[in-house]
Amino acid sequence: MDKTVADPATAVAGIADGMTVMIGGFGGAGSPIELIHALIDRFRAAGHPKNLTIINNNAGNGHVGLAALIEAGMVKKLICSFPRSAEPVVFTDLYLAAKIELELVPQGTLAERIRAGGAGIPAFYTPTSYGTDLAKGKPVAEFDGQSYVQERWLKADVALVKAQIADTHGNLTYRAAARNFNPLMCMAAAQTIVQATRIVPAGGIDPEIVITPGIFVQKVVAVAHPRQEEDLNRANAVYPGIA
Amino acid sequence: MDKTVADPATAVAGIADGMTVMIGGFGGAGSPIELIHALIDRFRAAGHPKNLTIINNNAGNGHVGLAALIEAGMVKKLICSFPRSAEPVVFTDLYLAAKIELELVPQGTLAERIRAGGAGIPAFYTPTSYGTDLAKGKPVAEFDGQSYVQERWLKADVALVKAQIADTHGNLTYRAAARNFNPLMCMAAAQTIVQATRIVPAGGIDPEIVITPGIFVQKVVAVAHPRQEEDLNRANAVYPGIA
Amino acid sequence: MIVKLTNNQIAWRAAQDIHDGAYVNLGIGFPEKVAQYQPPGREAIFHTENGILNFGEPPPKGEEDWDLINAGKKAVTLKPGAAFFHHADSFAMVRGGHLDVAILGAYEVAENGDLANWSTGPKGVPAVGGAMDLVHGARRVAVITDHVTKDGKPKLLRRCTLPLTGVGCVTRVYTSLAVIDIEGGRFVLREKLPVLSLDDLQAVTGAELLVTGTVADLIVPEL
Amino acid sequence: MIVKLTNNQIAWRAAQDIHDGAYVNLGIGFPEKVAQYQPPGREAIFHTENGILNFGEPPPKGEEDWDLINAGKKAVTLKPGAAFFHHADSFAMVRGGHLDVAILGAYEVAENGDLANWSTGPKGVPAVGGAMDLVHGARRVAVITDHVTKDGKPKLLRRCTLPLTGVGCVTRVYTSLAVIDIEGGRFVLREKLPVLSLDDLQAVTGAELLVTGTVADLIVPEL
């Protein structure tokens with residue numbers, strides 16, 4: 001069993017128009033920049049994929065990564081908790097012009113909905129957002145005298161994930177706070193595509209320190225020197241156009 | 001911050017009559033034998049705690065650990081998925097004599113109910129047990145044409161947990177399949193008491209390999225050479241009475 | 001002379017349908033045998049509910065590590081690429097549809113796909129384990145079983161009489177006499193022992209066996 | 001002359017109530033300042049939504065590791081005993097009641113404990129982050145805020161006028177003028193700047209201030 005694919009372009013080749021795509025990362029940490037850029041390259045060459053629904057905590061920053069994906073016109077709808085950032089001009093402009101849809105979800109509810117999707121839990125109750133605008137239209141219920149909102153699972157056709165080390169079975173480790181949503185998204189997508197700094201043979205990761213077991217991963221691609229969104233933005237990078 | 005306590009007896013001193021106690025482990029792997037035996041010692045010396053509700057995957061085996069706790073007459077009710085074992089005589093006899101209550105829960109539902117307790121999710125839906133006797137009396141709902149059973153969270157007053165390494169903040173690692181229910185129970189109890197083979201200073205565990213973050217742990221006690229239930233049972237051990 | 005497959009042979013037949021790279025959960029007891037008959041050149045990854053992916057053979061006697069056990073509480077070993085995880089993650093794999101195949105034993109299987117394999121009724125101590133989770137989680141739920149009970153009564157029925165493990169969950173049954181799919185609420189015969197006639201087989205089956213295409217010979221090596 | 005505490009002084013006051021060994025989440029922006037004023041000899045452990053427990057000071061400029069950031073996307077460092085975890089575990093800590101204190105900013109706080117701090121209305125891009133989770137998770141939810149808006153209007157009100165973050169969740173408010181508890185649906189004054197009369201304070205507060213015991217002087221060092 002070897003889930004390795006040759007390069008990011010090959011890894012993302014199957015992503016089709018209209019798909020729901022989860023993208024890992026919280027701000028720049030854990031954002032799979034090279035996979036996102038490979039998707040933009042494909043769109044620029046072939047006109048696909050477009051009309052994507054993207055699930056990410058944020059709405060991108062500057063003109064690289066997720067922001068560049070949105071700027072390229074590939075995204076129909078964004079599901080996220082915090083579409084503000086230091087430089088969120090791309091999303092903000094489209095949103096205020098009503099050219100992109102937004103489903104705003106509290107961050108913990110977003111995480112739990114994704115986990116629920118991965119764990120086969122179609123719905124759950126949370127105290128979060130009870131009595132607020134974000135609970136409008138959702139069923140509520142009382143348990144032990146407290147009020148809760150019913151939330152549904154979130155699943156995706158594809159997850160794009162950034163890991164630190166992968167083995168050929170797809171077992172993964174992450175780096176520091178770049179872990180964030182990545183392990184959850186691995187669980188919740190029909191196809192999980194991972195970029196890792198290093199791919200090692202099966203047995204190359206201690207079974208005790210595996211964070212994402214390979215059962216949740218379909219493809220791994222090596223990106224030895226991944227770019228960090230934060231560094232790119234501090235250099236005022238724009239994609240396409242960066243080295 | 002130092003969550004270390006001197007010995008198992010001190011660690012379990014606050015457990016009172018009628019409490020709900022989660023006990024980690026799956027079969028003998030991850031079973032906190034020394035903490036359980038300290039609880040039995042207290043009962044034999046002081047007559048408390050009794051009328052306990054115990055949450056564990058199994059019903060104990062032989063005459064040590066959980067089986068010995070039941071045999072001592074301290075347990076009113078057991079919540080578990082699989083109260084059969086090679087040598088489950090203690091529980092079986094009491095159950096058939098209607099001297100102990102049993103709430104039988106499918107294993108995955110048991111795990112998820114405990115996690116839900118720890119994660120502040122009062123209820124969730126699962127396909128598991130739909131249409132079976134174990135779903136009787138539980139609300140059902142349909143999502144996307146599939147039928148699901150509503151399950152409630154499980155919480156406890158105390159969790160007794162076996163870890164491999166603990167630091168003074170209560171960060172934990174486990175050993176192999178001794179992990180099982182332990183990390184979930186740490187989350188779901190008001191007070192989590194951990195026996196660890198070794199306690200190291202804060203900083204002694206790589207933050208990347210912490211399985212249970214210390215926020216879920218209240219007390220840690222060193223048990224340098226923990227007994228394994230399986231070894232004890234193969235030696236026909238009976239507690240009290242073993243070295 | 002009893003003409004039927006041994007348990008090893010039933011396990012062998014079930015193993016032939018496990019594709020390369022499959023993630024598989026084998027129920028405790030008889031289904032565990034399936035792991036021994038993985039066809040050469042195919043790599044399956046075995047999952048156990050208590051938190052291991054990619055475990056392997058039991059260790060030699062005396063070398064057991066009792067923290068390294070499977071759901072049947074038997075000592076196992078690890079293969080390269082193994083991972084440990086806690087019970088909630090383990091059942092996320094099960095319930096979340098990440099397993100390709102689960103193979104379970106059965107007291108009864110009904111033509112509507114219902115399975116009864118956890119309780120023989122109100123007497124004794126009930127125990128369910130992970131069976132109810134597995135039948136609603138894995139992409140394919142198969143059963144291996146003797147075709148009839150020890151008393152010679154059919155285990156494949158119109159409707160189950162014992163408490164259910166899951167509703168409409170089984171899609172294939174490997175028995176000591178035949179391989180039978182469940183489709184559209186009916187038993188569809190795929191393979192049978194060549195020595196048996198369709199009538200012979202029907203006589204020990206508690207619901208009608210449909211034949212919708214070729215019925216292949218169920219041919220299994222001596223094991 | 002404006003008589004009021006600076007943001008640093010409000011943060012200092014809030015920090016005095018954090019007990020030794022507390023697990024604390026500080027909202028992004030102004031509340032992050034609270035960490036600087038931990039009283040000596042007390043050890044608090046800070047949680048950030050994006051998956052770190054026990055992070056510390058920002059690193060020196062130029063030494064940032066952008067994989068090691070807090071929820072405000074600012075670079076941080078680790079203290080001994082830190083741990084990383086994913087977002088579902090992080091919000092299990094929040095929602096599951098494992099944090100001792102969450103300290104948030106506010107647009108408005110009402111005497112019934114309602115908080116509005118995420119949306120100033122339908123214009124612009126809405127963003128909520130983890131605020132709605134925090135207010136229903138931590139055992140104690142406190143607010144730090146200027147007592148009035150930039151236009152001098154009360155931020156402490158009978159009822160919130162802006163979209164709510166949470167219902168009945170706040171139990172203590174540290175303002176630039178006072179420390180106020182919320183009990184039984186009322187503002188209860190605990191401390192006020194000594195130069196202010198109760199009438200002065202009431203005049204800039206949008207709901208009645210109850211006095212049920214001694215009102216202490218709010219005394220804070222120069223910061």
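Order of the sequence lines sets the chain letters (A, B, ...), proteins ahead of strands, with each chain counted from 1.
Contact residues of residues 18-30 of chain C toward chain A are G21(C), Y23(C) (heavy-atom distance under 4.5 Å). Residues of residues 106-128 of chain A lying within less than 4.5 angstrom of chain C, judged on heavy atoms, are R115(A), G118(A), A119(A), G120(A), I121(A) in numerical order. Proximity to chain C among residues 171-190 of chain A is limited to N171(A), M187(A), judged by heavy-atom separations below 4.5 angstrom.
Within a 6.0 Å radius of CD in E183(C), other residues, nucleotides and ligands contribute more than 12 heavy atoms. More than 12 non-hydrogen atoms from other residues, nucleotides or ligands lie less than 6.0 angstrom from CZ of R139(C).
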Item to check | Candidate pair K79(C) and H169(A), rule side chain to side chain contact (heavy atoms under 4.5 Å, CB included), full reasoning | outcome: CA-CA 12 Å; K79(C) 293 199 253 185; H169(A) 285 200; over 6 Å; no
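Residue I215(A) forms a side-chain contact (heavy atoms from CB on, under 4.5 Å) with just one option from D100(C), L99(C), I45(C), and that option is L99(C).
For the atom pair M1(A) CE and R42(C) CZ, the distance stands at 13.0 Å (nearest 0.5 Å). In this structure, CG in L53(C) is found 8.0 Å from CZ in F216(A), a value given to the nearest 0.5 Å.
Minimum heavy-atom separation, D167(A) to G81(C): OD2-CA, 3.8 Å.
The ring-ring contact (aromatic ring centres under 6.0 Å, His included) search around F84(C) returns none, not counting sequence neighbours.
Per-residue counts of heavy-atom pairs under 4.5 Å with chain C were compared for G214(A), P207(A), P213(A), G204(A); the largest is that of P207(A).
For I52(C), no part sits under 4.5 Å from any heavy atom of chain A, backbone or side chain.
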